[in-house]
Structure formats: C-alpha cells, structure tokens
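All residue numbers in this chain count up from 1 along the given sequence.
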Amino acid sequence: MDVERFWLSIDYQDSAMNYDDVQTYFNRHCRIRLRSGKEVFGVLWEELSDTDRAIYFASYIEHKKRISRVHSELNSSPPLRVSYDEIINIEQIDF
C-alpha cells in the first residue's frame, strides 16, 4: 500500500491516537493528520505545569527558534495547543 492510500484509508471518526502513542513523537519533525482531515507538518511537544499537561504544535522552524530562545527576539506566532485525541496519525519525517 502506498503512503497516499494509507492516509486515505483512515477512518477519521474512530481512530484517534492515545497519549502514549503521541508521546513517542514529541520533539520530532512529523507529518500529522488531524481529526478534521487536515494534514500538517511540524513538531509536537509537551509542557507541564503544576495543574496542567499541555501538548503544543508549531512548525519545525518555529520549534527550533523556541528551543534556541531566538523567538523572544523575533516576531513569532504562539504555538497551537492541541489535544491528543484530535490526532489521527503521525509519521516521523527524517531529513
């Protein structure tokens, strides 16, 4: 099965990933399929606070800026908060 057929074969209503599956891909450049049917490319990461566990998404470049703290010097958009149950599938992109 080619990659495109694989993505098209997913039942978007019933196949959300669980937290443990999503956690495997934190801080890696990935292709992410959302429940809405949208496909995005970028990085997921987790931020923990005393009261909350949050998963965020940003483009690969924005994520690298955040890691290197360059984002404070540049006008970058804030990361998007994502719920793991909105993620249907993830594929790591190697380059």
Side-chain angles (χ1 to χ4, degrees):
M1 178 182 291
D2 67 14
V3 174
E4 197 60 36
R5 284 188 194 167
F6 170 76
W7 286 104
L8 293 173
S9 70
I10 297 169
D11 179 5
Y12 298 117
Q13 301 304 314
D14 300 324
S15 57
M17 296 180 75
N18 65 43
Y19 176 80
D20 292 333
D21 293 336
V22 173
Q23 185 179 18
T24 305
Y25 295 95
F26 285 167
N27 299 307
R28 298 180 183 175
H29 190 207
C30 296
R31 172 178 160 173
I32 303 162
R33 177 74 72 166
L34 302 175
R35 181 176 299 283
S36 66
K38 292 183 181 180
E39 182 178 282
V40 294
F41 295 83
V43 180
L44 294 171
W45 71 95
E46 179 179 49
E47 292 184 6
L48 302 173
S49 68
D50 294 336
T51 59
D52 195 21
R53 170 189 283 177
I55 298 173
Y56 290 96
F57 169 83
S59 71
Y60 180 76
I61 302 274
E62 289 294 324
H63 183 255
K64 289 296 180 190
K65 288 177 186 177
R66 289 179 190 292
I67 290 173
S68 65
R69 301 193 188 273
V70 174
H71 74 281
S72 61
E73 301 168 13
L74 300 173
N75 251 348
S76 61
S77 56
L80 177 65
R81 188 172 177 163
V82 186
S83 173
Y84 69 86
D85 60 348
E86 288 298 316
I87 300 169
I88 300 300
N89 207 331
I90 302 177
E91 176 185 3
Q92 184 174 343
I93 299 173
D94 297 318
F95 56 117

Are side-chain heavy atoms of Phe41 and Ile93 found at a separation under 4.5 Å?
-> yes
Neighbour count above 12 (heavy atom, 6.0 Å) for Leu80 CG =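 More than 12 heavy atoms, drawn from other residues, nucleotides or ligands, come within 6.0 Å of this atom.
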Heavy-atom pair of closest approach, residues [X] and [Y]:
X	Y	value
Trp45	Pro79	CH2-CB, 3.5 Å
Met17	Tyr84	O-CD1, 3.4 Å
Ala58	Glu62	CB-CB, 3.9 Å

To the nearest 0.5 Å, tell me how far [X] [atom1] sits from [Y] [atom2].
X	Y	atom1	atom2	answer
His29	Ile61	NE2	CD1	8.5 Å
Arg28	Glu91	CZ	CD	13.5 Å
Ser59	Arg66	OG	CZ	9.0 Å
Tyr25	Arg31	OH	CZ	12.5 Å
Ile55	Phe57	CD1	CZ	13.0 Å

Summary of salt bridge (Lys or Arg N to Asp or Glu O under 4.0 Å) pairs that have at least one residue in residues 78-89, sequence neighbours excluded =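 Salt bridge (Lys or Arg N to Asp or Glu O under 4.0 Å) check on residues 78-89 returns Asp52-Arg81.
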Non-neighbouring partners of Asp20 that pass side chain to side chain donor-acceptor pair (under 3.5 Å), sequence neighbours left out = none
Who pairs with Glu46 by side chain to side chain donor-acceptor pair (under 3.5 Å), at least two apart in sequence or on another chain?
-> Tyr19, Arg53
Can you list the steps and then say if Ile88 with Leu34 is a side-chain contact (heavy atoms from CB on, under 4.5 Å)?
-> CA-CA 5 Å; Ile88 300 300; Leu34 302 175; 5.8 Å; no
Side chains of Asp94 and Gln92, donor plus acceptor under 3.5 Å |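 There is such a pair (donor and acceptor under 3.5 Å, judged by atom type) between the side chains of Asp94 and Gln92.
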Take Leu44 and Gln23 through the side-chain contact (heavy atoms from CB on, under 4.5 Å) test and state the conclusion after the steps.
-> CA-CA 9 Å; Leu44 294 171; Gln23 185 179 18; over 6 Å; no
Hey, mind stepping through Ile90 and Asp21 against side-chain contact (heavy atoms from CB on, under 4.5 Å) and telling me if it holds?
-> CA-CA 9 Å; Ile90 302 177; Asp21 293 336; over 6 Å; no
